[in-house]
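Structure record follows, encoded as structure tokens.
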There are 2 protein chains.
Amino acid sequence: MRHVTQPPALDEAGLERALERLRRTVRQRGLKGSSVRDAIARAALLRRGHFSVDDLLKELRESGVVDAHPATVYRVLPLLVEAGLLQMTLVSKGDGARYERAFEREHHDHLICTRCGKVVEFEFEAIEVLQRDVAERFGFRLTGHVHELLGICKDCSAAGVER
Amino acid sequence: MRHVTQPPALDEAGLERALERLRRTVRQRGLKGSSVRDAIARAALLRRGHFSVDDLLKELRESGVVDAHPATVYRVLPLLVEAGLLQMTLVSKGDGARYERAFEREHHDHLICTRCGKVVEFEFEAIEVLQRDVAERFGFRLTGHVHELLGICKDCSAAGVER
DNA sequence: CTTCCTGCAAAGGCTTTGCAAAGCT
DNA sequence: AGCTTTGCAAAGCCTTTGCAGGAAG
């Protein structure tokens, strides 16, 4: 089991590899290139950590690169996921989709403090192995998983008298 | 690892125990009793399998027991979760909350076919142990988890040529 | 020139909230 | 009596969709 730390931001070369991968997906699906889509991809890929659609919209607006419309971002994000650039995350929070970079980033799951919102990322191969065992046992080809551990962190336990 | 099968519906005695537990929670929180709430709890507890808020509303309406208003159901369900009668489930589906009975039902996680929607419930103590290890390692007191395995079931693999 | 992409506005679906009347204790 | 619960309607949020003009291949 390992604590997974925030990876460094994707460098220029990594960004280029990511966009190349996006171009491949776009080609495969018979779509067309677009500078707005690329700009959204860039902004999303440069993000460190988790972000909501709104975070991304704000950033795009404030950075002045493009003032992408929400509808456009909502249309682009699923494609970035399909291309393997992003993945949805923190699903258990509910309110609103959150994403994080998946490209050139190691797989990990999340441990979340439901009191203060702190998120610890960890990687535990032993669990992954058992997940594959489950899928195999029931004749499924495993394509993904949602695995979020919910609890109360040490700080909140110390602080909170309630409960 | 075990395949967890649909449990039998809660019998009358079980229902009574569940409602007693609800009354306790209600008392502890300084709330008041309510027949509408009890009727909602009854309907939810008698459900076999997963259900959406809308499923429950329809059932309440059609059964003629009470024609509970959606807002009321939305207010009552979190209380039933807090009381340990229900739990949220199939979070990864996104669109709309789903629940299932948790009271007098063994813990289990879900393996979901993203093509046909089939859901297999399984219990795997080894995974639970590892989850506890993760929480301990990071100083969290574990209170719950979301664990859903996503894949393609055997039938869909056989049927589908695409991807 | 055909097809896709974008912005815009509107609609959609689920859920929450403010309020007044009704229900508990 | 004093507080909670309920139904109702309205609003809130996030997200999707239809359309027309612009961009890409």
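The shown structure was predicted, so the numbers you read here are calculated from the model rather than taken from an experiment. Chain letters run A, B, ... following the sequence lines, proteins first and then strands; every chain starts at 1.
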Legend entry - Length of the CZ-C1' vector between B:R98 and C:dT15, whole Å: 15 Å
Legend entry - Sugar-phosphate only, base, or nothing, as touched by A:D38 at under 4.0 Å among non-hydrogen atoms: nothing
Inset, instruction - Using atom CG of A:L77 as one end and atom P of C:dC5 as the other, report the distance to the nearest whole Å. - result: 15 Å
Legend entry - B:L31 vs A:S34, nearer the 5' end of DNA chain C by closest nucleotide: A:S34
Inset, instruction - Mind calculating the distance between OH (A:Y74) and P (C:dG13) to the nearest angstrom? - result: 17 Å
Legend entry - Given D:dG7, C:dC24, C:dA9, the nucleotide with the shortest approach to the side chain of A:H69: C:dA9
Legend entry - Enclosure of A:E16 CD (heavy-atom neighbours >12, cutoff 6.0 Å): yes
Inset, instruction - In whole angstrom, give the distance that lies between atom CE of B:M88 and atom C1' of C:dT15. - result: 11 Å
Inset, instruction - Consider the side chain of A:A71, meaning its heavy atoms from C-beta on, and name the nucleotide among D:dG7, D:dT16, C:dT6 that approaches it most closely. - result: D:dT16
Inset, instruction - Could you work out which one of C:dG7, C:dT16, D:dG2 sits closest to the side chain of A:R75? - result: C:dG7
Inset, instruction - Report yes or no: is there a donor-acceptor pair, N or O only, under 3.5 Å between the side chain of A:K32 and the base of C:dC4? - result: no
Inset, instruction - Let me know the distance between CG of B:L79 and C1' of D:dT5, rounded to the nearest Å. - result: 12 Å
Inset, instruction - For this output row, return yes or no: ring centroids of B:H107 and B:H147 closer than 6.0 angstrom. - result: no
Inset, instruction - Check whether any side-chain N or O of A:S35 sits under 4.0 Å from OP1 or OP2 of D:dA23, and answer yes or no. - result: no
Inset, instruction - Starting at atom CZ of A:R61, determine the distance to atom C1' of C:dG7, rounded to an integer number of angstrom. - result: 14 Å
Legend entry - Contact under 4.0 Å: A:T72 side-chain N or O vs C:dC5 OP1/OP2: no
Legend entry - Close side-chain approach of B:R17 to B:L10, heavy-atom, < 4.5 Å: no
Legend entry - Interatomic distance where CZ belongs to B:R23 and P belongs to C:dT25 [whole Å]: 11 Å
Legend entry - Contact under 4.0 Å: A:R37 side-chain N or O vs C:dC5 OP1/OP2: yes
Inset, instruction - Write down the distance between CG (A:L57) and P (D:dC14), rounded to a whole number of angstrom. - result: 11 Å
Legend entry - Beyond-backbone contact of B:F122 with B:H3, side-chain heavy atoms, under 4.5 angstrom: no
Inset, instruction - Between D:dT6, C:dG7, D:dT15, spot the one nearest the side chain of B:V76, thanks. - result: D:dT6
Inset, instruction - Evaluate the criterion salt bridge (charged side-chain N to carboxylate O under 4.0 Å, His left out) for residue pair A:E125 and A:R132; output intermediate values, then yes/no. - result: CA-CA 11 Å; A:E125 179 59 21; A:R132 290 193 281 270; 2.7 Å; yes
